[in-house]
*Asks:* 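Below: one structure in structure tokens.
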Amino acid sequence: MVKALLKAAGWRPAAIVLLTVSVLAGLFFRHPLAVSSRPFACRVIGISDGDTFACLKEGEDKTFVRLFGIDAPERRQPYGKKAKQYLSGQIHGKTVSVVSHGQDRYGRTLGTVFLGRTNINLKMVRSGYAWVYREYTDDAELIGAEEAAKSVKAGLWADPHPINPADYRKQF
């Protein structure tokens, strides 16, 4: 039935129906320990660095999104500019879906970002443009992607001595 709906109407109406159903189900099946992670769509209008971007939600002001569970090199770090360029090439000017994991201390939305079915957070790690931010996640898929990127020396892993961004920030 879902395939038929997608074929007949395209992905947007199907996404709206699925989102509506999941929101309604959430209203009826609320658990006090459940974490709300309602996805929202936004158009990416700016890339700050390899793990942060600005986007516009329909009818709202600019929203800043920090990719959850990953940490890209800082701008002045080796691969910092390349990570930003890679993220920009993936999502700039496009409409993405963001699954929110709350906000960070700077008020940015912490999100898992999807372009269609592609998990951008995972793609950044798999392509060697970000570390798994182990202080905040133990996601096995992200960790596996990091190990795979290391083994083929993808992106920043080509550097013989890559510096984790968290360690780099402690220098200043």
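Predicted model only: the values in this text are computed from it and were never measured.
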*Asks:* Are Leu110 and Val132 co-members of a hydrophobic cluster defined by side-chain heavy atoms under 4.5 Å apart?
*Replies:*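 No, Val132 does not connect to Leu110 through the hydrophobic network.
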*Asks:* Less than 4.5 Å apart, side chain to side chain, heavy atoms only: is that true for Ile91 and Ile47?
*Replies:*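 Yes, at least one pair of side-chain atoms sits under 4.5 Å.
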*Asks:* Connecting only ILVMFWY residues whose side-chain heavy atoms lie within less than 4.5 Å of each other, what is the rest of Phe114's hydrophobic cluster?
*Replies:*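 Grouped by the 4.5 Å side-chain rule, Val99 form the rest of the cluster around Phe114.
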*Asks:* At what distance, to the nearest 0.5 angstrom, does OG of Ser88 lie from NZ of Lys94?
*Replies:*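 Atom-to-atom, Ser88:OG and Lys94:NZ are 9.0 Å apart.
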*Asks:* For Ile45, which fellow cluster members are found when Ile, Leu, Val, Met, Phe, Trp and Tyr are connected by side-chain heavy-atom distances below 4.5 angstrom, either directly or through intermediates?
*Replies:*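 Via sub-4.5 Å side-chain contacts, Ile45 links to Leu56.
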*Asks:* For residues Tyr168 and Pro73, determine if any side-chain heavy atom of one lies less than 4.5 Å from a side-chain heavy atom of the other.
*Replies:*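 No. Closest side-chain heavy atoms not under 4.5 Å.
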*Asks:* Are Ile120 and Val96 close enough, and set up right, to give a side chain to side chain contact (heavy atoms under 4.5 Å, CB included), and what steps lead you there?
*Replies:* CA-CA 9 Å; Ile120 298 300; Val96 297; 5.6 Å; no
*Asks:* Measure the spacing between OG1 of Thr52 and CZ of Arg108 and express it to the nearest 0.5 Å.
*Replies:*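 Here the interatomic distance stands at 4.5 Å.
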*Asks:* Which ring-ring contact (aromatic ring centres under 6.0 Å, His included) pairs, counting each pair once, include a residue from residues 133-155, with sequence neighbours left out?
*Replies:*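 For residues 133-155, and leaving out neighbouring residues, the ring-ring contact (aromatic ring centres under 6.0 Å, His included) pairs sorted by first residue read Tyr133-Tyr136.
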*Asks:* Any disulfide bond (SG atoms under 2.5 Å apart) involving residues 43-79? Give me the pairs, sequence neighbours left out, ordered by first then second residue.
*Replies:*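 For residues 43-79: Cys42-Cys55.
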*Asks:* Which heavy atom in Ala72 sits nearest to a heavy atom in Tyr129, and how many Å separate them?
*Replies:*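 Where Ala72 meets Tyr129 most closely, the heavy atoms are CB-O, 3.6 Å.
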*Asks:* Using 0.5 Å steps for rounding, measure from the OG1 atom of Thr109 to the CG atom of Leu67.
*Replies:*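 If I round to the nearest 0.5 Å, the distance is 11.5 Å.
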*Asks:* In terms of ring plane angle, is the pair His101 and Phe68 parallel, tilted or perpendicular, where the classes change at 30° and 60°?
*Replies:*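 Judged by the thresholds at 30° and 60°, the geometry between His101 and Phe68 is parallel.
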*Asks:* Measure across Ala130 and Ile70 and return the closest heavy-atom pair with its distance rounded to 0.1 Å.
*Replies:*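 What the structure gives for the nearest pair is CB-CD1, 3.9 Å.
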*Asks:* Return the minimal non-hydrogen interatomic distance between Val98 and Gly111, and the atom names on each side.
*Replies:*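 That closest heavy-atom pairing would be CG1-CA, 3.9 Å.
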*Asks:* Is it the case that the side chain of Asp49 and the backbone of Lys84 share a donor-acceptor pair, with hydrogens and angles ignored and the cut-off at 3.5 Å?
*Replies:*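 Absent.
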*Asks:* Side chains of Trp131 and Pro162: does their closest heavy-atom pair fall under 4.5 Å?
*Replies:*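 With C-beta onward as the side chain, the pair touches.
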*Asks:* Can you tell me how far the CD atom of Gln90 sits from the CZ atom of Phe53, to the nearest 0.5 Å?
*Replies:*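 Answer for the CD-CZ pair, Gln90 versus Phe53, is 12.5 Å.
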*Asks:* Quick one: side-chain hydrogen bond (donor to acceptor under 3.5 Å, both in side chains) pairs with a partner in residues 138-166, sequence neighbours left out?
*Replies:*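 Listed once each, the pairs are Arg134-Glu146.
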*Asks:* Checking side chain to side chain contact (heavy atoms under 4.5 Å, CB included) for the pair Leu122/Leu142: CA distance, chi angles, key distance, verdict?
*Replies:* CA-CA 6 Å; Leu122 182 62; Leu142 283 174; 3.9 Å; yes
*Asks:* Of all heavy-atom pairs between Thr95 and Leu115, which one has the smallest distance, and what is that distance?
*Replies:*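 Minimum heavy-atom separation between Thr95 and Leu115: O-CD1, 3.6 Å.
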*Asks:* Just how far is it from atom NZ of Lys170 to atom CD1 of Ile163, taken to the nearest 0.5 Å?
*Replies:*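 Between atom NZ of Lys170 and atom CD1 of Ile163 there are 13.0 Å.
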*Asks:* Side chain to side chain contact (heavy atoms under 4.5 Å, CB included) between Leu87 and Met124: does it pass, once the steps are laid out?
*Replies:* CA-CA 7 Å; Leu87 181 61; Met124 290 296 293; 4.0 Å; yes
*Asks:* Around Lys62, counting heavy atoms of other residues, nucleotides and ligands shown, do more than 12 lie under 6.0 Å from its NZ?
*Replies:*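 No, NZ of Lys62 has 12 or fewer neighbouring heavy atoms, counting only those of other groups under 6.0 Å.
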*Asks:* Kindly write out the residues that satisfy salt bridge (charged side-chain N to carboxylate O under 4.0 Å, His left out) with Asp71, not counting sequence neighbours, or none if the list is empty.
*Replies:*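 Counting only residues at least two positions away or on another chain, Asp71 forms a salt bridge (charged side-chain N to carboxylate O under 4.0 Å, His left out) with Arg66, Arg169.
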